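Some notes on the structure that comes next.
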Amino acid sequence: MTGNKAVAYKEAGKVEVIDIDYPTFELKDGPGVNPANVGRPVNHGVILKTVATNICGSDQHMVRGRTTAPPNLVLGHEITGEVVEVGRDVEFIKVGDLCSVPFNIACGRCRNCKERKTGICLNVNPDRPGSAYGYVDMGGWVGGQANYVLVPYADWNLLKFPDKDRAMEKILDLAMLSDIFPTGFHGAVSAGVGVGSTVYVAGAGPVGLAAATSAHLLGAAVVIVGDMNEGRLAQARSFGCETVDLSKGDPKDQIEQILGVPEVDCGVDAVGFEAKGHGHDAKEAPATVLNSLMELTAAGGALGIPGLYVTGDPGGIDEAAKKGALSLSLGTGWAKSLSFTTGQCPVMKYNRQLMMAILNDRVSIAKNVNAKAIPLEEAPKGYAEFDAGAATKYVLNPNGYLS
Ligand SMILES: NC(=O)c1ccc[n+]([C@@H]2O[C@H](COP(=O)([O-])OP(=O)(O)OC[C@H]3O[C@@H](n4cnc5c(N)ncnc54)[C@H](O)[C@@H]3O)[C@@H](O)[C@H]2O)c1
Ligand SMILES: [Zn+2]
Ligand SMILES: [Zn+2]
């Protein structure tokens, strides 16, 4: 029987490479699997041999112990792979196809899927709308930081690369299609970025850098990225962004120095609920980014909010934060008629177009986020370095495809 190694969450601050079962066309019981999903037949699925599987800031929320993820949950929702087995009901995807997997698991049959809202599919997670591989409260679909992974509703979910050889030449770029590139793009689109826009992106992690890259692709005049991590700000400058250093204080004055006015047309939150306050040695302050974006974004503008917010956070700074309730200055946003877009990025809405931009040399997403392949065995080190703030997007290479 084929072995299957995988990265599992063990306890706060710890991941480990463990042995798990090779997937079958049925969702079996295991850590984090919703009881109502146990035994679910997946004849519409395929088994992928993983080509690339990235570590994400969303994984870090779990690994930092900031969610209710159970021990031994297999991680990994950013998956690119080659099909090695197809289920009985798969019609169009074939063995040998090289594909990107949207991190959202979607059925393609429900009302939301029909409206392209694949981040809130109604049929894949018995707990609530929306699902993903390897994630707490997402139904229990086994994560893809492994040699092999099961992908349900394969004809619907998978994006097949048109030419395998050509795809392998750009595989690190294409590996960003499973999440952060579409997510950053969605952040920029939902913030209203277009030709000539001025944009502030809070957060210079991979999602923020992907949002900044997307803003350029959409024609923004000026893209300003804010963080308190100098290495990550340097990464943003490396592809033409302006930057503001939030350890020096509020972004408003620094933005005024850049633009001549203390406001931008479009605001993107690429940070989420573990946001730190502004200024020297500031502590965690979960509403900081949302409040500062409301202040900074011009009246009538929009906020794209890919940064993740939770309904339960065992490490929250106070009782309210532990339930996901934040001190928002909503009056500011209301007075300025700002609009907000939150939630999982509906990856399928953007991934094909962004694939074409990559394959035709319109964008260098892997370079902009500093993507780096590492062996699966080095996942614990990758997680630790990423958590320490490395300006690197770590891509696990479980089967040696990424030489
Ligand atoms: N909506 C989605 O579909 C989706 C998809 C992927 C990731 N996410 C979320 O996007 C967020 C970013 O992901 P990532 O992988 O880039 O994570 P990351 O943790 O690597 O990056 C977050 C960055 O924000 C910085 N930061 C902290 N406080 C800040 C502040 N007040 N202002 C500006 N920057 C601040 C940190 O220093 C860090 O560099 C996470 O919350 C992640 O869960 C959402
Ligand atoms: Zn992700
Ligand atoms: Zn659906």
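The model shown is predicted, which means the values in this text are computed figures rather than measured ones. One-based numbering, in listed order, for ligands and for the atoms of each.
- Each of Lys381, Arg64, Arg66 was compared with Asp387 under the salt bridge (charged side-chain N to carboxylate O under 4.0 Å, His left out) criterion, and only Arg64 meets it.
- For ligand 1, none of its N or O atoms has an N or O atom of Cys56 under 3.5 Å away.
- Using a 4.0 Å cutoff on heavy atoms, Gly343 counts as a contact of ligand 1.
- The residue from Asp227, Leu209, Asn229 that puts a heavy atom closest to atom 37 (O) of ligand 1 is Asp227.
- Not close to ligand 1: Gln60, with no non-hydrogen atom less than 4.0 angstrom away.
- Each of the following atoms of ligand 1 lies closer than 4.0 Å to a heavy atom of His61: 40 (C), 41 (O), 42 (C), 43 (O).
- Within a 6.0 Å radius of NZ in Lys248, no more than 12 heavy atoms belonging to other residues, nucleotides or ligands are found.
- For atom 5 (C) of ligand 1, the nearest protein heavy atom (residue, atom name, distance) is Asp179 OD1, 3.1 Å.
- Which parts of ligand 1 touch Val289 is read off a 4.0 Å heavy-atom cut-off, strictly below it: atoms 30 (C), 31 (N), 32 (N).
- Counting only heavy atoms from C-beta outward, the side chains of Glu295 and Lys252 approach each other to under 4.5 Å.
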(message) What verdict does the side chain to side chain contact (heavy atoms under 4.5 Å, CB included) test give for Ile224 and Val222, after you've listed the backbone C-alpha separation in whole Å, the side-chain angles of each residue and the deciding distance to 0.1 Å?
(response) CA-CA 6 Å; Ile224 305 170; Val222 185; 4.0 Å; yes
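- To the nearest 0.5 Å, atom CZ of residue Phe181 and atom CD1 of residue Ile365 are 5.0 Å apart.
- Note on ligand 1: Phe273 sits outside its first shell, no heavy atom being nearer than 4.0 Å.
- In the vicinity of Ala270, heavy-atom distances shorter than 4.0 Å reach the ligand 1 atoms 11 (C), 12 (C), 22 (C).
- Close contacts of ligand 1 with Ser58, meaning ligand atoms under 4.0 Å from a residue heavy atom, involve 6 (C), 7 (C), 8 (N), 9 (C), 42 (C), 43 (O).
- A donor-acceptor distance shorter than 3.5 angstrom exists from the side chain of Asp59 to the backbone of Cys56, with no hydrogens or angles considered.
- For Phe273 and His61, the gap between ring centers is short of 6.0 Å.
- You'll find the ring centres of Tyr133 and His77 outside the 6.0 Å limit.
- Between Glu256 atom CD and Ile258 atom CD1 the span is 11.0 Å, to the nearest 0.5 Å.
- Here the protein heavy atom with the shortest distance to atom 16 (O) of ligand 1 is Val207 N, 3.0 Å.
- Other residues, nucleotides and ligands contribute at most 12 non-hydrogen atoms within 6.0 Å of the NZ atom of Lys323.
- The nearest heavy-atom contact from the protein to atom 9 (C) of ligand 1 is Pro306 O, 3.6 Å.
- Protein heavy atom at the shortest distance from atom 28 (N) of ligand 1 is Lys276 N, 3.0 Å.
- Between Gly277 and ligand 1, not a single N/O pair is under 3.5 Å apart.
- A 4.5 Å side-chain heavy-atom check between Pro182 and Leu354 finds at least one atom pair inside the cut-off.
- At least one heavy atom of Leu246 sits less than 4.0 Å from an atom of ligand 1.
- If you take CG on Asn37 and CG on Asn125, they are separated by 7.0 Å, rounding to the nearest 0.5 Å.
- Of all atoms in ligand 1, numbered sequentially from 1 with element shown, those under 4.0 Å from a heavy atom of Cys345 are 1 (N), 2 (C), 3 (O).
- Listing protein N, O or S atoms at distances below 2.8 Å from the Zn ion (ligand 2), with waters left out, gives Cys56 SG, His77 NE2, Glu78 OE2, Asp179 OD2.
- Around NZ of Lys160, the count of heavy atoms belonging to other residues, nucleotides or ligands within 6.0 Å does not exceed 12.
- Rounded to the nearest 0.5 angstrom, Asn112 CG and Thr118 OG1 are separated by 9.5 Å.
- Every atom of ligand 1 is numbered from 1 in the order shown, and the set under 4.0 Å from a heavy atom of Phe386 is 15 (O), 20 (O).
- The two residues Phe185 and Tyr350 make their nearest non-hydrogen contact at CD2-CD2, 3.4 Å.
- For a distance threshold of 2.8 Å, the protein N, O or S atoms nearer than that to the Zn ion (ligand 3), listed by chain and number, are Cys107 SG, Cys110 SG, Cys113 SG, Cys121 SG.
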(request) Evaluate the criterion side-chain hydrogen bond (donor to acceptor under 3.5 Å, both in side chains) for residue pair Lys28 and Thr24; output intermediate values, then yes/no. (result) CA-CA 8 Å; Lys28 300 246 172 54; Thr24 58; 2.8 Å; yes
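- Nearest heavy-atom pair, Ile105 versus Pro152, reported as atom, atom and distance to 0.1 Å: CG2-CG, 3.6 Å.
- Residue, atom and distance of the protein heavy atom nearest to atom 17 (O) of ligand 1 are Gly57 CA, 3.5 Å.
- Comment: Lys164 engages Glu82 in a salt bridge, judged by a side-chain N to carboxylate O separation of less than 4.0 angstrom.
- Evaluated by nearest non-hydrogen atom to atom 41 (O) of ligand 1, the leading choice among Leu290, Asp245, Val271, Thr183 is Val271.
- Ser131 contributes atom OG, which lies 11.5 Å from atom CG of Leu122 (distance to the nearest 0.5 angstrom).
- With distances taken over non-hydrogen atoms, the option nearest atom 20 (O) of ligand 1 out of Lys393, Gln344, Glu78, Arg232 is Arg232.
- For atom 29 (C) of ligand 1, the nearest non-hydrogen atom of the protein is Met228 SD, 3.6 Å.
- Residue Ala275 has at least one heavy-atom neighbour below 4.0 Å for each of these atoms of ligand 1: 28 (N).
- Taking only non-hydrogen atoms, the option from His186, Arg64, Met62 nearest to atom 19 (O) of ligand 1 is Arg64.
- Salt bridge Glu230/Arg232: absent, no basic N to carboxylate O contact under 4.0 Å.
- Enclosure of atom CZ in Arg111 is not indicated, since only 12 or fewer non-hydrogen atoms of other residues, nucleotides or ligands lie within 6.0 angstrom.
- Annotation for ligand 1: atoms under 4.0 Å from non-hydrogen atoms of His278 are 31 (N).
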